[in-house]
Amino acid sequence: MLLSYIYAPSPVQAQYRPETDLQELFRDVQLLPVFPDSKTFADCVPLQEPAFILQAYREQRQRPSFDLKAFVLEHFLLPTQPSSNFTTDTSLPVTAHIRRLWPVLTRMPDDGGGSLLPLPHAYVVPGGRFQEIYYWDSFFTMLGLQVSGEKALIQHMVDNFTHLIHTTGHIPNGNRSYYLSRSQPPFFALMLHLLTQELGRDVLLKYAPALRREYAFWMNGAEQLTSANPMHRRVVLLPDGSILNRYWDDQPAPRPESYKEDVHIAQESGRDHEEVYRHIRAAAESGWDFSSRWFADKQNLSTIHTTDILPVDLNSLLFHMELTLAEMAELERDPAEARLFRQKAKARRKAILQHMWHDGDGFFYDYDFVKGTTTNIPTLAAVFPLYFCMAKRRQAAAVAGRLRNDFLKAGGLATTLVHTDQQWDAPNGWAPLQWMSIQALRNYGHEDLARTIATRWITLGTQVHENTGKMVEKYNVENLELEAGGGEYPNQDGFGWTNGVFLKLITLYPELRPVTEKEPVLMQDH
């Protein structure tokens, strides 16, 4: 039964890891830096055995004429986007543009290469600098694939994630070797429910072993927690006996794909470097990299303390995973296991409502278990208990009021109320959080506010497409004349989850289709 689900990662086929295989060569290339974007070298493919390249570097670097960039270009293949000959036709409506993008963003299965982990089936990438799958992105991309009738591609992506669970022990942040030490918000159960809409409830039986193993990864060490040792990886035991989850990463080192940025932050912080790296990587696992929700002073990345925080969105996702595991057990005619998982979900809901709800503010917050109090940093993560119907009606009404009064802007919902130089803060709005918020509000009958958010978001996306020919990663929802910014890299074009949410919202609100739309109505929810 449950005891057999103890997390034990399978050995991954020997895989190139640039940060360890290249040692000081990797560090020197990233810190010089040879490339403006740290991700470039992490994604380069070595043309010889890494040990051979490293030895050559050690022999040649002392020469007066040595040129590090020339050395890299001689020994590595730079990452390139597959040629698609795609050109934006701005005369087409935005929905047609998105459907034309699916083949451009689709990658065929291959043997990997460099740091890329091979996958057995076709998959969709976000676009821009992101030429691999991303875990939580993919759920929102699938929403649009469903609207577009791409049932087989949704199945392929679910099977790829299942493959990763069975070969690595979990779903990594993305299919790169340097992402193996962390995951992302656990949306796999939601992907399975999406697939059941296409193929029926037998999907839950087929993928039950994979979801059990995913759950074991997130709950690893929970049975061994004691008041003397209340933390292990992603699980934390609270004084009242509740067990809740946090984000984590086993590697206290700079992220290979953001190496120089992480080194700089650690140096600037004046704190223990390994501690800072751990908090940075945990925030990367959250998908919100970076946001004031993780900062002790609410403004500066150098004060990051992610692993001290029990996030409301993560724990809501795990509540849903527990309910899904209960449903799977019922289909397997195992009432004892179904009862066990329902009890776990009930206990988690009780802990979330007790520790993450702030009655005075009428809002859900993350919980700082080190301080024993809510963080009191308002973010759109507060909608997750509503999305999964965990909140009481009065709580949902209070959250809706706060969204209307504080978060609603000209182009949709702002991610937080704090302006920093981070991308997961105001004035930026992100497609996945618009979707979660709109559905959360609909669950509790706040239809008018949900429609207002959808209208503003779709209008903004349409306008940006008409002006630039692009669907972008994030949007400035406060000043519609300005691009979204902040973070470690420029705003990216593509863009998987923006496309998916846009198409799905238009199926919910067909009256919001652009007036230039001349295509047949997209299929509705099943």
Side-chain angles (χ1 to χ4, degrees), residues 2 4-21 42-43 45-46 50 79 106-126 130-139 141-142 152-192 194-195 203-221 233-234 247-251 255-257 281 284-285 287 317-318 321 324-325 328:
L2 187 65
S4 66
Y5 307 157
I6 293 172
Y7 169 61
S10 302
V12 184
Q13 178 183 10
Q15 178 75 36
Y16 166 65
R17 298 202 182 197
E19 71 276 24
T20 53
D21 292 351
D43 293 353
V45 179
T106 299
R107 302 289 175 265
M108 292 297 115
D110 55 31
D111 297 327
S115 58
L116 191 68
L117 301 176
L119 293 173
H121 306 286
Y123 54 96
V124 178
V125 303
F130 302 110
Q131 293 298 311
E132 52 280 310
I133 61 155
Y134 284 82
Y135 180 2
W136 77 311
D137 292 58
S138 295
F139 170 71
T141 299
M142 289 176 187
L153 194 47
I154 297 173
Q155 173 89 66
H156 287 327
M157 292 174 72
V158 168
D159 287 339
N160 282 332
F161 287 126
T162 302
H163 166 79
L164 286 169
I165 288 171
H166 290 312
T167 55
T168 74
H170 66 290
I171 299 178
N173 187 137
N175 61 319
R176 291 279 178 187
S177 62
Y178 53 77
Y179 285 148
L180 283 169
S181 61
R182 66 177 186 264
S183 186
Q184 268 195 334
F187 273 82
F188 187 59
L190 282 89
M191 296 177 191
L192 298 183
L194 184 69
L195 195 57
V203 163
L204 298 182
L205 286 171
K206 178 179 179 181
Y207 294 100
L211 190 65
R212 290 186 188 117
R213 193 159 186 191
E214 163 91 333
Y215 184 71
F217 166 79
W218 286 96
M219 299 306 295
N220 174 234
R233 285 182 164 165
R234 293 166 177 82
Y247 290 111
W248 182 258
D249 188 308
D250 285 333
Q251 300 295 324
R255 292 168 298 157
E257 76 282 8
R281 282 172 170 260
E285 181 169 85
L317 286 161
L318 288 166
M321 191 187 298
T324 303
L325 288 165
M328 289 170 166

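- Residues satisfying the ring pair (Phe, Tyr, Trp, His ring centres under 6.0 Å) criterion with Tyr247, sequence neighbours excluded, are absent altogether.
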Item to check | Check against side chain to side chain contact (heavy atoms under 4.5 Å, CB included), Leu180 and Arg17 | outcome: CA-CA 10 Å; Leu180 283 169; Arg17 298 202 182 197; 3.0 Å; yes

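- For the atom pair CD1 (Ile133) and CG (Leu116), the distance works out to 9.5 Å, reported to the nearest 0.5 Å.
- Residues Pro185 and Gly287 approach most closely at CD-N, 4.1 Å, considering heavy atoms.
- In terms of the ring pair (Phe, Tyr, Trp, His ring centres under 6.0 Å) criterion, His163 has no residue partners (sequence neighbours excluded).
- Looking at every heavy atom in both residues, Gln15 comes nearest to Asp21 through O-OD2, 4.3 Å.
- At least one donor-acceptor pair under 3.5 Å links the side chain of Glu285 to the backbone N or O of Ser183.
- Considering only heavy atoms from C-beta on, Tyr16 comes within 4.5 Å of Pro46 through its side chain.
- Between atom OG1 of residue Thr162 and atom OH of residue Tyr207 there is a gap of 5.5 Å, rounded to the nearest 0.5 Å.
- Formation of a donor-acceptor pair under 3.5 Å by the Ser115 side chain with backbone atoms of Ala42 is found in this model.
- Two residues are said to be in side-chain contact when any heavy atoms from C-beta on lie closer than 4.5 Å; Pro109 and Leu119 fail this criterion.
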Checklist entry - Passes side chain to side chain contact (heavy atoms under 4.5 Å, CB included), Phe130 versus Asp137? Steps please. => result CA-CA 11 Å; Phe130 302 110; Asp137 292 58; over 6 Å; no

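- The side chain to side chain donor-acceptor pair (under 3.5 Å) search around Arg182 returns Asn173, Glu257, not counting sequence neighbours.
- Put simply, the side chain of Pro172 reaches to within 4.5 Å of the side chain of Leu164, judged on heavy atoms.
- Distance CG/Leu153 to OG1/Thr106: 5.0 Å, rounded to 0.5 Å.
- Here CG of Leu318 is found 8.5 Å from CD of Glu214. Values are rounded to the nearest 0.5 Å.
- The shortest distance between side-chain heavy atoms of Leu317 and Leu190 falls below 4.5 Å.
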Next on the checklist: side chain to side chain contact (heavy atoms under 4.5 Å, CB included) for Ile165 and Leu211? Distances and angles first, verdict last.
Outcome noted: CA-CA 8 Å; Ile165 288 171; Leu211 190 65; over 6 Å; no

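- By the 30° and 60° cut-offs, the orientation of the rings of Tyr134 relative to Tyr179 is perpendicular.
- Ring centroid separation for the pair Phe161 and Tyr135 comes in under the 6.0 Å cut-off.
- Both cation-pi conditions hold for Arg234 and Trp218: the charged atom is under 6.0 angstrom from the six-membered ring centre and inside a 45 degree cone around its axis.
- The shortest side-chain heavy-atom distance between Tyr178 and Arg255 does not fall under the 4.5 Å cut-off.
- Taking NE2 from His121 and CG from Asn160, the interatomic distance works out to 6.0 Å, rounded to the nearest 0.5 Å.
- Among Met142, Met157, Arg107, His156, the single residue meeting the side chain to side chain contact (heavy atoms under 4.5 Å, CB included) criterion with Val124 is Met157.
- A donor-acceptor contact shorter than 3.5 Å is absent between the side chain of Asp110 and the backbone of Pro118.
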Next on the checklist: Run Gln131 and Asp43 through side chain to side chain contact (heavy atoms under 4.5 Å, CB included) and show every step you take.
Outcome noted: CA-CA 9 Å; Gln131 293 298 311; Asp43 293 353; over 6 Å; no

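- Annotation: the span from Leu195 atom CG to Met191 atom CE amounts to 11.0 Å, rounded to 0.5 Å.
- Without hydrogens or angle criteria, Glu132 side chain to Arg176 main chain gives no donor-acceptor distance under 3.5 Å.
- Side-chain atoms of Asp250 and Arg233, non-hydrogen and from C-beta on, do get closer than 4.5 Å to each other.
- When ring centroids are compared, Phe139 and Phe188 stay outside the 6.0 Å threshold.
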